[in-house]
2 protein chains.
Amino acid sequence: MINPSVSIEDYLGAIYRLQRKDGQPLPLGDLQEHFGFSPISIHEMVQKLVQRGLAVYIPYKGVLLTLTGSTTAEALIRRHRIWECFLSNELAVPIDEAHQLAGDLEHAAPDWITERLFNHLGQPSFCPHGSAIDELTSTPVGISIANGQAGRTYVISCISPENSNSLQIAREAGILPGSSLTIIEKKNGNIEIEINDQKKQLSEDDLAYFWGMDMTDGS
Amino acid sequence: MINPSVSIEDYLGAIYRLQRKDGQPLPLGDLQEHFGFSPISIHEMVQKLVQRGLAVYIPYKGVLLTLTGSTTAEALIRRHRIWECFLSNELAVPIDEAHQLAGDLEHAAPDWITERLFNHLGQPSFCPHGSAIDELTSTPVGISIANGQAGRTYVISCISPENSNSLQIAREAGILPGSSLTIIEKKNGNIEIEINDQKKQLSEDDLAYFWGMDMTDGS
DNA sequence: ACAAATGATAAGGCATGCCTTATCATTTGT
DNA sequence: ACAAATGATAAGGCATGCCTTATCATTTGT
Ligand SMILES: [Mn+2]
Ligand SMILES: [Mn+2]
Ligand SMILES: [Mn+2]
Ligand SMILES: [Mn+2]
């Protein structure tokens with residue numbers, strides 16, 4: 001495969017990130033929701049991935065990456081996270097904007113440049129959202145805060161960047177990996193939390209993208 | 001003007017770099033030579049620049065940037081040189097590859113990010129090729145080595161990145177801004193030089209892109 | 001089991017930025 | 001002044017990645 005286009009790469013990245021852990025095909029509806037494109041555009045692009053040997057498509061089921069597709073996606077996501085580290089650690093760019101910008105930079109520099117950058121940054125283990133750089137597939141540590149219990153305190157391990165809303169909330173509330181978050185109360189889809197000595201009312205949907213470990217009983 | 005495309009930006013940058021100092025229009029032939037596109041593609045794109053108010057076109061004469069076009073080009077070139085500094089100073093990327101990569105990165109990050117990068121780098125005055133970052137239009141110091149005299153020694157001030165051949169030569173011979181270069185002999189289009197204690201035979205055409213100051217009579 | 005929801009696919013369209021072929025206009029050198 | 005070189009422009013094409021409308025197939029829930 002020679003020089004996948006920016007779009008092709010972004011599709012591979014999205015499929016990789018959204019894919020099921022159980023090896024089940026990813027429904028095109030998930031991709032549609034992710035990109036906001038029409039179902040037909042999604043279908044067209046998936047067919048292109050198939051033609052190029054990057055994915056397998058099972059009608060009425062969904063799409064699966066081939067080994068080549070998976071490898072290409074992994075390289076993309078690695079570059080993405082390295083750029084995020086650069087933007088966040090060196091230039092103090094907020095994590096929501098870092099994610100967006102890395103979405104462009106990941107296509108602009110080849111692997112060897114980002115590897116140099118990785119070394120230059122001191123081989124960081126995690127991107128600013130808390131995702132591992134060396135073990136791309138590792139699941140976030142702990143549980144989704146949406147499933148947390150009232151009265152308990154969680155140390156945030158990861159803020160999944162899939163939801164731009166959550167990223168913006170994290171930025172505004174100053175929530176970062178390592179922050180302590182306490183669930184005050186849960187009621188009908190909303191969760192009241194305390195973070196950095198401030199109380200916030202957030203929706204369960206948005207908090208689903210925050211992951212943390214229960215630290216209530218001491219470290 | 002909203003969101004100029006990568007192509008539009010590159011055309012603006014090329015026109016800005018190639019433009020005459022005397023305010024004369026730039027012949028489309030020069031753009032054609034620069035990009036290697038067909039005359040008709042060049043013409044089409046120039047018409048787009050005109051439609052968007054970025055340039056003025058005088059048939060049979062050439063193209064001139066408007067104020068908007070010029071400002072956009074200046075911002076692009078500034079971003080370009082800042083990225084080159086980053087790649088060269090922080091990641092030790094050779095100057096020929098740095099130029100190429102910066103040609104992509106310049107489109108991937110907005111001004112505010114590159115300004116942060118600029119500060120992070122310590123507000124460098126020159127890109128790795130010796131072009132000024134704050135005074136984009138300043139002409140290279142000294143003379144073109146192609147016009148130098150046999151027996152004289154020049155301190156390289158700038159290697160114009162327009163010619164990829166020259167950049168590669170500079171890389172291979174280890175010529176950088178600040179290097180001392182002595183002209184041994186000139187004969188029929190070729191120039192024999194001494195650089196870093198090594199003698200090289202180079203063409204006048206390639207050496208035209210090297211600029212330097214005569215340092216023979218002491219500093 | 002069947003209707004409703006969901007998914008697949010065919011046909012045609014559009015903007016972008018490149019191309020070739022062909023024709024016509026202007027400038028240039030002698 | 002005129003031929004040759006150069007430049008402008010019209011017409012039509014192509015790949016990419018998006019779109020809408022319309023039809024047909026499968027899956028799903030009851
Ligand atoms: Mn991307
Ligand atoms: Mn991240
Ligand atoms: Mn460029
Ligand atoms: Mn430069």
Side-chain angles (χ1 to χ4, degrees), chain A residues 1-15 18-20 22 24-65 69 72-73 76 103-104 106-108, chain B residues 1-15 18-20 22 24-65 69 72-73 76 103-104 106-108:
Chain A
M1 197 217 7
I2 24 85
N3 263 0
S5 70
V6 169
S7 296
I8 296 278
E9 278 194 319
D10 279 339
Y11 272 83
L12 292 176
I15 296 169
L18 299 173
Q19 75 190 334
R20 266 68 193 195
D22 57 11
Q24 286 294 103
L26 179 76
L28 299 205
D30 289 22
L31 283 174
Q32 191 192 330
E33 198 186 341
H34 174 80
F35 284 114
F37 297 150
S38 76
I40 293 177
S41 297
I42 301 285
H43 186 258
E44 276 175 3
M45 288 303 289
V46 166
Q47 293 301 350
K48 279 189 199 169
L49 298 183
V50 171
Q51 276 173 20
R52 285 172 167 70
L54 299 167
V56 171
Y57 177 53
I58 303 152
Y60 297 100
K61 293 282 175 283
V63 63
L64 284 171
L65 295 179
T72 309
L76 177 79
D104 288 334
E106 64 194 5
H107 309 283
Chain B
M1 202 219 1
I2 23 84
N3 262 1
S5 69
V6 168
S7 295
I8 295 278
E9 278 194 320
D10 279 339
Y11 271 84
L12 292 176
I15 295 170
L18 298 173
Q19 76 191 335
R20 267 67 194 199
D22 57 11
Q24 286 295 103
L26 179 76
L28 300 203
D30 289 22
L31 282 175
Q32 191 193 330
E33 198 186 341
H34 174 79
F35 284 114
F37 297 151
S38 77
I40 291 176
S41 297
I42 301 286
H43 186 258
E44 275 176 4
M45 288 302 290
V46 166
Q47 294 301 351
K48 279 189 197 166
L49 298 183
V50 171
Q51 275 172 20
R52 285 170 166 72
L54 299 168
V56 171
Y57 176 53
I58 303 151
Y60 298 99
K61 294 280 177 284
V63 63
L64 283 170
L65 295 178
T72 309
L76 177 79
D104 288 333
E106 65 193 7
H107 309 283

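Letters A, B, ... are given to chains in the order of the sequence lines, protein chains preceding strands, and every chain is numbered from 1.
- Position along DNA chain D of the nearest nucleotide to A/P59 versus A/S7 favours A/S7 as the more 5'-ward residue.
- Side-chain atoms of B/Q19 and B/L64, non-hydrogen and from C-beta on, never get closer than 4.5 Å to each other.
- Under 4.0 angstrom from either OP1 or OP2 of D/dC18 there lies at least one side-chain N or O belonging to A/Y11.
- Atom-to-atom, CZ of A/F35 to P of D/dC19 comes out at 11 Å; the value is rounded to the nearest Å.
- A heavy-atom distance below 4.5 Å is found between the side chains of B/R20 and B/P27.
- Rounded to whole Å, the distance from OH on B/Y60 to C1' on D/dG7 is 5 Å.
- For the ring pair (Phe, Tyr, Trp, His ring centres under 6.0 Å) test, residues two or more places apart in sequence or in another chain that qualify with B/F35 are B/Y11, B/F37.
- Under 4.0 angstrom from either OP1 or OP2 of C/dC19 there lies at least one side-chain N or O belonging to B/S38.
- Atom CD of B/E33 sits in a sparse spot, with 12 or fewer heavy atoms from other residues, nucleotides or ligands closer than 6.0 Å.
- A straight line from CG of B/L31 to P of D/dT6 spans 18 Å, rounded to a whole angstrom.
- Taking atom CZ on B/R52 and atom P on C/dT16, their separation rounds to 6 Å, with Å as the unit.
- With a 3.5 Å ceiling on both atom-pair distances, the Watson-Crick or G-U wobble partner of C/dT30 is D/dA1.
- In this structure, A/D30 places its CG atom 13 Å from P of C/dT6, rounding to the nearest Å.
- Base pairing analysis places C/dG13 opposite D/dC18; the two distances defining the Watson-Crick or G-U wobble pair are each below 3.5 Å.
- Near-neighbour residues of DNA chain D inside residues 40-51 of chain A, defined by a heavy atom below 4.0 Å, number-ordered: A/I40, A/S41, A/E44, A/M45, A/K48.
- OP1 or OP2 of C/dG17 has at least one side-chain nitrogen or oxygen of B/S5 nearer than 4.0 Å.
- For the residue pair B/P25 and B/I58, the shortest heavy atom distance occurs at CG-CD1, 3.8 Å.
- We find that CD of A/Q32 is positioned 17 Å from P of C/dA5, with the value rounded to whole Å.
- With both pairing distances under 3.5 Å, C/dG7 is matched to D/dC24 as a Watson-Crick or G-U wobble pair.
- B/D10 has its CG atom 14 Å from the C1' atom of C/dT16, to the nearest Å.
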Inset, instruction - Walk me through it: do B/L31 and B/V46 pass the test side chain to side chain contact (heavy atoms under 4.5 Å, CB included)? - result: CA-CA 10 Å; B/L31 282 175; B/V46 166; 4.1 Å; yes
Legend entry - Worked verdict on A/L54 versus A/L65 for side chain to side chain contact (heavy atoms under 4.5 Å, CB included): CA-CA 6 Å; A/L54 299 167; A/L65 295 179; 5.7 Å; no
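- Separating the CZ atom of B/F37 from the P atom of C/dC19 is a distance of 6 Å, rounded to the nearest angstrom.
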